[in-house]
Amino acid sequence: MPTESSVGSLEVAELRAGYGKTLILDGVSFAVPAGGRLALLGRNGVGKSTTLATLVGQTTRHGGSIRLDGVELGGLSSSARAAAGLGYVPQTRDVFKSLTVEENLVTGLKGRPRSALEEAYALFPRLGERRRNGGGELSGGEQQMLSVARALLGKPTVLLLDEPLEGLAPVICDLLMDALSKLDMTIVLVEQQVDRALDFADRVVFLDRGRVVHAGPAHQAKADAALLERHLGVALAA
Amino acid sequence: MTTMADHSAPETTTPGNTLMTTRRGIDWIGIPVVAAVGLAAYWLLPDDLGLLTRILSSALFVLSLDLVLGYGGIATLGQAAMFGAGAYAAGIAAVNWVADPFALLAVGGVAGGLVALATGALILHARGLTLLMLTIAVAQIVQEVANKARDWTGGSDGLSGIEPAPVLGMFRFDMYGRTSYLFALAVLVVALVVARRIVRSPFGLACRGVKEDPLRVSAIGGSPKLYLVALYGVAGVFAGVAGGLTAVTSGIVGLDSVGFSWSAEALVMLVLGGTGRLYGAVIGTAAFMGIHHILAASDPFHWMAFIGLFLIGIVLFLPGGIASGVERLVGLVRGKEDRA
């Protein structure tokens, strides 16, 4: 049986998917080793969020495979994929607004005892202070912390993060990235803040029109202004 | 590492938080208040114990509807199927096999739960109007089965001859309805306690999550359909116990206990009281049946019009039901106290 640090290798091969008959991803392939961190970058509308949504089974898959530690997930339901080890924090922050912070966290326990909530409060002490507040009463940053913490309580082996920093103040971004950097698990990050994403990740995959157009080490991509300009249309500040 | 002491820090107060805290506070004291008001009514209205007993058993039925609608978002007009199944099962058991009132409630609960699980597994893939139609169809089928099985159910004549044994072997069901009332009150209070535990359990919270957004629940590893079928089954047990309670306390079960109008009336009672609160079911039932009792005595032909006007008023001015008005009032008082 693999140890915790050796699980979480994700292989995506020739993934074709979209919404109904509309094809968004046209043969996306990448691999993340156990414990690796991958940044999935690209301009708006190239299929980054669709890739993550497809990994967790929330789109229509037309072909290709998704393997987690060698096990094919492609035919499984969304809940079965989560049970298999995929944790997902979507762009919409995914907080149940009618539940309190604590109740939101309880929904992510997956049979673990309530004492496991302390892990979430240790990672984000702010959630401990706000645990009796309603999910809809939190700031954007707090909602993001809650969404991440709830996903982590399910003990995923791979965490998929879709633009976790969107709309957050720089200080909250620092706080969140600091917490994420302490996690010992495989992470796939979709993020518009390119510099933060490249600092965080080991490897980077650039998407364009539903295809992978570049894959390589993140630090090399960060140093290659022409590459960033070509695939993102931006240049990082020196 | 965060310590327990860190978590005892007071929560940030916002207007929304005040409302949520108010709701939770009322939720907590709601059950003792129901018990206290119920006992007070026993002393204050000794001549109306028959009506009060019907209110209590009906409140338990409406509570079952609150579980599915208020906490699971399952739109149904067929909850009477489970109530009727419980009532007939308890009645048939009483006539043929057992007389212990607790055993009869258990029989009713099992029957209601089984009907809910069997039908819920079939119909809960649907949503909205389709689901509403399917729930009505299920109730119609159960009603027709009850009608056709007249050897067991009495058909359109109803099932009579239900004579439960004394409660705990000591308290006989007397002609004044004292035992029936106190028995029904005790059952309702226990049901409220159990329901409160269920809706606050991880299962109950997941069901509330399904009501808000099933896709989110799938993404965190839950199966929305399984949660809904389980909740439907649990609510079926509550409805079945309510049916059994009605059979035990009234001594008769009729086809109207499975009828469409009974499901619809329960929905009206729940909307009046307020969904997703548990005690809203009790408030709504008491309001509906109290108004019915008073108005039907003075104007037996038009009382439903008054109920209709009352319902329109509640929906327009208190969309969360009477319970939400109580919460606002308590919130205002608390706000004034905090400012003082």
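In what follows, every chain begins at residue 1, and chains take the letters A, B, ... in the order their sequences are listed. Scope of the values below: all heavy atoms of this structure, side chains included, with no hydrogens, waters or symmetry mates.
Your options are Ser223(B), Gly209(B), Ala206(B), and the one with the most heavy-atom pairs under 4.5 Å with chain A is Gly209(B). If you tally non-hydrogen atom pairs under 4.5 Å between each of Val89(A), Leu153(A), Asp94(A) and chain B, the highest count goes to Asp94(A).
With a 4.5 Å cut-off on non-hydrogen atoms, Arg81(A) does not touch chain B at all. Of the two parts of Val95(A), only the backbone, made up of N, CA, C and O, holds a non-hydrogen atom closer than 4.5 Å to a non-hydrogen atom of chain B.
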Go through it in stages, so that I can follow the logic: the residues are Thr107(A) and Val217(B), the test is side chain to side chain contact (heavy atoms under 4.5 Å, CB included), and I'd like the CA-CA distance, side-chain angles, deciding distance and then a yes or no.
CA-CA 8 Å; Thr107(A) 63; Val217(B) 173; over 6 Å; no
- [ ] In sequence, state the C-alpha distance, the side-chain angles, and the governing distance for Phe96(A) and Arg216(B), and then conclude on side chain to side chain contact (heavy atoms under 4.5 Å, CB included).
- [x] CA-CA 8 Å; Phe96(A) 296 120; Arg216(B) 287 180 198 169; 3.7 Å; yes
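Minimum interatomic distance between Ala219(B) and Ala82(A) (heavy atoms only, all atoms of both residues): O-CB, 3.6 Å. Taking all atoms of both residues into account, the shortest heavy-atom contact from Lys110(A) to Ile220(B) is CE-O, 3.0 Å. Heavy-atom minimum distance, Ser98(A) versus Arg208(B): O-NH2, 3.5 Å. In this structure, Leu99(A) and Leu205(B) approach most closely via the heavy-atom pair CD1-O, 3.9 Å.
A distance of 6.5 Å separates CZ in Arg200(B) from CD in Glu103(A), rounded to the nearest 0.5 Å.
Between Leu109(A) and Pro202(B) there is no side-chain heavy-atom pair separated by less than 4.5 Å.
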